[in-house]
Each structure stands twice: as C-alpha cells, then as structure tokens.
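Below is one structure, written out as structure tokens; the observations come after it.
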Amino acid sequence: MGLDASGGGYMTVPSASERIVANLLTARTGQELSQARNWRIGSALSGIFRERGISNIDQLACMLDAPDNGILSQQVVEALLNNETYFFRDRPMFDHLANSVFPEIERRNAAARRMSILCAGCSTGQEALSIAMLLREQSVRWKDWQIEIVGVDVSHSAIASARAAVYSQFEVQRGLSVAQMLGNFRETPMGWEAKEDLQKMTQFRVHNLLTPLQSDSKFDLILCRNVLLYFGESTRSLVMSLLLQKLHPEGWMMLGAGETVADRTMPLTQIKEATNFYRHNGSSIAA
Ligand SMILES: C[S@@+](CC[C@H](N)C(=O)[O-])C[C@H]1O[C@@H](n2cnc3c(N)ncnc32)[C@H](O)[C@@H]1O
C-alpha cells in the first residue's frame, strides 16, 4: 500500500498486471490512468472478464502478451476510455459560442458562407449535436451557409453510437430541456433519434488525436474538451500542436471547464471574458 499522491489516504499501488493494462491504454491513446483512477481497471473490465471467462487481471495480462491479441487489446482499450459526456455540457460555454464566437465567424466568413467545426474527442456525439442544435436555433442567420461539424474519437464504439444518433431516455434528458428534446429528437423503438437535419450537419469518424488529422479544411472552431486532462504533458503538447495545424489562423479553440493551455509556445491567446476559449494568434508554433 502507498500514500495517495494527494495525501488524501492510502491506496493500492498498481500490480505489474495492472501496469501492463494501463500501459496498453497509454500506448494506444495517450490516456494515462492516474493512481487515483486505477480503481477503474477492475470495474471497467468486468464485462470483458465475464464475456471471456477471465478470472483475474493477471490472466488478462498473460492473454495480452499472446501474439494474436488484437481483438482483445482493442476491447480492453475501449473499455478503459472514459466516454462521459452529455448535451450542452458546461452550458455557459455554449452561450458564449452563440453570443460571441458565432457572430464573429459569421462576419469573417460572410463572403464564403462556410463554417467548419471540429469536435476532437467527441465521444458518443452529444457535443457535436449540441453545436448543431445551437445553429438550428439561429437558422435565419445561417440560411444558405455550408456548415460542417466533424466529430472524431479514437473509440470505435463511441463513433458507432454517434453515427447512430439514438439516445436513451436518460441520455436525452441530460442537458436538454423538454422543448429541446421534443424539437430535436423523435422517439423510436430504439430510443430518441436526432432529427435528420441535425444528423446531416454532423459527421463522425474514428481518429486518434496522436496522429495528424486528414482533412482539407482549416477549422474555424475546434472543441477539445475533457480529453487533454488525461494526457501527460508531452502528449498534451503533441495533440495541441497537431490540432493547431488544422485551426484557421484566426480560429477559436474551446477547452473544457477548468482546462487551460499551460504550454506557452502554443500560438494561442486566452480570451479574457471566457477563460476556456483561446484564439489562434496567427503565428506558427514556436520551435
Ligand atoms: C471524457 S470524453 C469527453 C467528451 C466530450 N468532449 C465532452 O467534453 O463531453 C473524452 C473522449 O476522448 C476520447 N479520446 C481519448 N483519447 C483519445 C485520442 N488519443 N484520440 C481521440 N479521442 C480520444 C475518448 O474516447 C472519449 O470519448
């Protein structure tokens, strides 16, 4: 047993097998399981244990060592990713988008009438659909505009859910008023499905943020929320610099509540009125 880094109490030091599993997650996604989140390993993997008749983590670690472990290791990585999300998470940030950022993009792109938005680490799609709902509420402003909202995530299962755009009663109520739910979703035997016009505005694909994004667009706005905080410092810088290559030189970056860019070499300026928003300052990344 060792003392919790926060000084808050005692917790178990991860075993060699737990480290093998945690290292697999880091190697594939950059995500680190802090000591405080190590408890997740057992509970997150319980479904895989049941399905495959695995009795403990040591047995799993041996199986991961086998040469033909491709499907199992992918399953383990998927199970350990934290996909927590909900509609209009941190609502004031969406208000800032609607009231300040979108009007400015509208002015800047008035001639081309195009806007591109990237949700990096979009999980099951609620964040991208929240943006689509905001724009739908401003439909007069965006009439005849070509708008693309691209959501990417390393999790295949999260992207499959985002593409299906069907949510349980619990999910659809998290963050939406009844009016928003009824106006933007229709009830089906499978659950609440996003209406077709919202689905048309959004597209989702599997992508690992540790690698360059294949895209011809420079995005006017990139959201990367509640993803960076599970990366180590150098991985965070790598992911930010790859994202910045895809941000318009006057574009906006929106991080999660409480997230800031500590790396001062990044060509970003923090917005005074909304501290989780950054603006590309037009220069390239310092060497
Ligand atoms: C906690 S969720 C946040 C979802 C959403 N951005 C929000 O704030 O509500 C983090 C997401 O980042 C994804 N993720 C983690 N590492 C990633 C990586 N290397 N590349 C792409 N997505 C990643 C996870 O699969 C997960 O769906």
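Every number for a ligand or one of its atoms is a count from 1 in the order of the listing.
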ask   = Out of Val77, Leu255, Val154, whose heavy atom sits nearest atom 21 (C) of ligand 1?
value = Val154
ask   = Is there a donor-acceptor contact under 3.5 Å linking the side chains of Gln199 and Glu193?
value = yes
task = Indicate yes or no: does an N/O atom of Tyr86 lie under 3.5 Å from an N/O atom of ligand 1?
result = no
note = for atom 16 (N) of ligand 1, nearest protein heavy atom and its distance come out as Gln31 NE2, 3.2 Å
request  = Measure the distances from the heavy atoms of His207 to every atom of ligand 1 and state whether one is below 4.0 angstrom.
outcome  = yes
ask   = With ILVMFWY side chains joined below 4.5 Å, transitively, what does Ile20's cluster contain besides itself?
value = none
message = Between Arg114 and Trp145 (side chain of the first, backbone of the second, donor and acceptor by atom type, cut-off under 3.5 Å), is there such a pair?
response = no
request  = Considering only NZ, NE, NH1 and NH2 on the basic side and carboxylate oxygens on the acidic side, decide whether Glu104 and Arg279 come within less than 4.0 Å.
outcome  = yes
query = Can you find an N or O of Asn226 that's nearer than 3.5 Å to an N or O of ligand 1?
reply = yes
inquiry  = Using a 3.5 Å cut-off on N or O atoms only, is Leu209 in polar contact with ligand 1?
reply    = yes
ask   = Can you tell me the protein heavy atom closest to atom 2 (S) of ligand 1 and the distance?
value = Asn82 O, 3.3 Å
message = Among all protein heavy atoms in this structure, tell me which lies nearest to atom 4 (C) of ligand 1, with the distance rounded to 0.1 Å.
response = Gly121 O, 3.3 Å
remark   = Closest to atom 25 (O) of ligand 1 by heavy-atom distance, out of Val152, Asp153, Thr85, Asp90, is Asp153
key: Residues that, via side-chain heavy atoms closer than 4.5 angstrom, fall in one hydrophobic cluster with Val166   = Met190
Ser217 and Glu148 side chains, donor-acceptor separation under 3.5 Å = yes
Distance-only N or O hit between ligand 1 and Ser155, under 3.5 Å = no
ask   = Would you find a donor on one side and an acceptor on the other, under 3.5 Å apart, between the side chain of Ser161 and the backbone of Ser157?
value = yes
